[in-house]
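Worksheet: one structure, shown below.
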Amino acid sequence: ARLANQIAAGEVVERPASVVKELVENSLDAGATRIDIDIEKGGSRLIRIRDNGKGIPKDELALALSRHATSKITTLDDLEAIVSLGFRGEALASISSVSRLTLTSRTQAQEEAWSAYAEGRDMDVQLKPAAHPVGTTLEVLDLFFNTPARRKFLRTEKTEFNHIDELIKRIALSRFDVAITLRHNGKIIRQYRTAQTPIQKERRLATACGSGFLQHALVVELAHGDLKLSGWVCSSQGARAQNDIQYCYVNGRMMKDKLINHAIRQAYESSLRSDQYAAYVLYIDVDPHQVDVNVHPAKHEVRFHQARLVHDFIYQALQSALQQGAL
Ligand code: ADP
Ligand code: MG
């Protein structure tokens, strides 16, 4: 079973950032409003994620580390989603098969916290009492310590950390209701505070994308029936240095969609000079029945039932925002 886990790990765990992704998604699934992330040496030495979510009951700790131990399949719809998403209930098992993993958790109903430790091929999960508030901490030490080929494949500490930073940025820009702290080698690199008011949201935007982006950003806010577009676009040359900021969320999920990209690019092309560059953080909200997100989750693509309508709405909304900004 351990070998199977290690093979599965090859699919799920490509690099430290993939571990962080799985763990943070678990924290969000558990309803956390606060997530603290500690990274050492680009994640190859340590990845520690602490949340204030609902926690894992003592008698489910060992189970959480075993394969197909998802607690999240309850309906047929879920099952269908799993078929398309793959790898459900495998993340922790896979990660623990290629690291030294400690899972510590406490639920509201428990007086004390418990810790489970798993290391590489060793399937015996030992439980120990621990000190921990309600919530969960996952500690992943020495990633790929037992798969040298994979360990060798890792890039520099800086590059691996940048992948993590980028991932957290994307999550931070879609979950303003969750406070996230990201540390590298003991130093706070990003501190995303929860944001409700427009000013707080702009502060978070600046934390993620830099104050330069914020300075040149125009607010977009437009609705057409069930369709809503909001966010920020950059219409200035100042955006040039930020040319990698092109984020788009559909119903809260990060997407890289051809139709949306095309509409955005067209709007920019018709509004901007050629020396200006497209930078944006945009949120599209649409009736969930009007969109299929399961088309290809790995590619972050969506299929809108009314593709033309969505395209033109985005195009026109952005074009008018950009033209107003240019005045
Ligand atoms: P999946 O997320 O697909 O269910 P995982 O291997 O990522 O599979 O996690 C296994 C199980 O462990 C989850 O279903 C959940 O019950 C539990 N779990 C993992 N991380 C957390 C967390 N941070 N808070 C609460 N429960 C968690
Ligand atoms: Mg998971």
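Whatever order the structure lists them in is the order used to number ligands and atoms, beginning at 1. This one's a predicted model, so the numbers in the text were calculated from it and none came from an experiment.
Under a cutoff of 6.0 Å and an axis angle of 45°, Arg170 and Tyr247 do not form a cation-pi pair.
Below 3.5 Å of separation, one finds no N or O of Ala93 facing any N or O of ligand 1.
Shown in contact with Ala30 at under 4.0 Å from a heavy atom are these atoms of ligand 1, numbered in order with element: 24 (N), 25 (C).
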### Task
Check the pair Asp51 / Arg34 against salt bridge (Lys or Arg N to Asp or Glu O under 4.0 Å), numbers first and verdict last.
CA-CA 6 Å; Asp51 70 48; Arg34 210 203 137 99; over 6 Å; no
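Tyr283 meets the ring pair (Phe, Tyr, Trp, His ring centres under 6.0 Å) test with Tyr249; sequence neighbours excluded.
Of the listed options Leu23, Asp51, Ile95, Leu65, Asp51 places a heavy atom closest to atom 23 (N) of ligand 1. The closest heavy-atom contact to atom 18 (N) of ligand 1, among the options Asp29, Leu103, Ile56, comes from Ile56. Selection from Ser96, Ser94, Ala64 by nearest heavy atom to atom 12 (O) of ligand 1 gives Ala64.
A 4.5 Å side-chain heavy-atom check between Ile171 and Ile35 finds every atom pair outside the cut-off.
Note on Leu141 and Val98: separate hydrophobic clusters, where clusters join Ile, Leu, Val, Met, Phe, Trp and Tyr whose side-chain heavy atoms are under 4.5 Å apart, directly or indirectly.
Residue Ala91 touches ligand 1 through backbone and side chain together, judged by heavy-atom distances below 4.0 Å.
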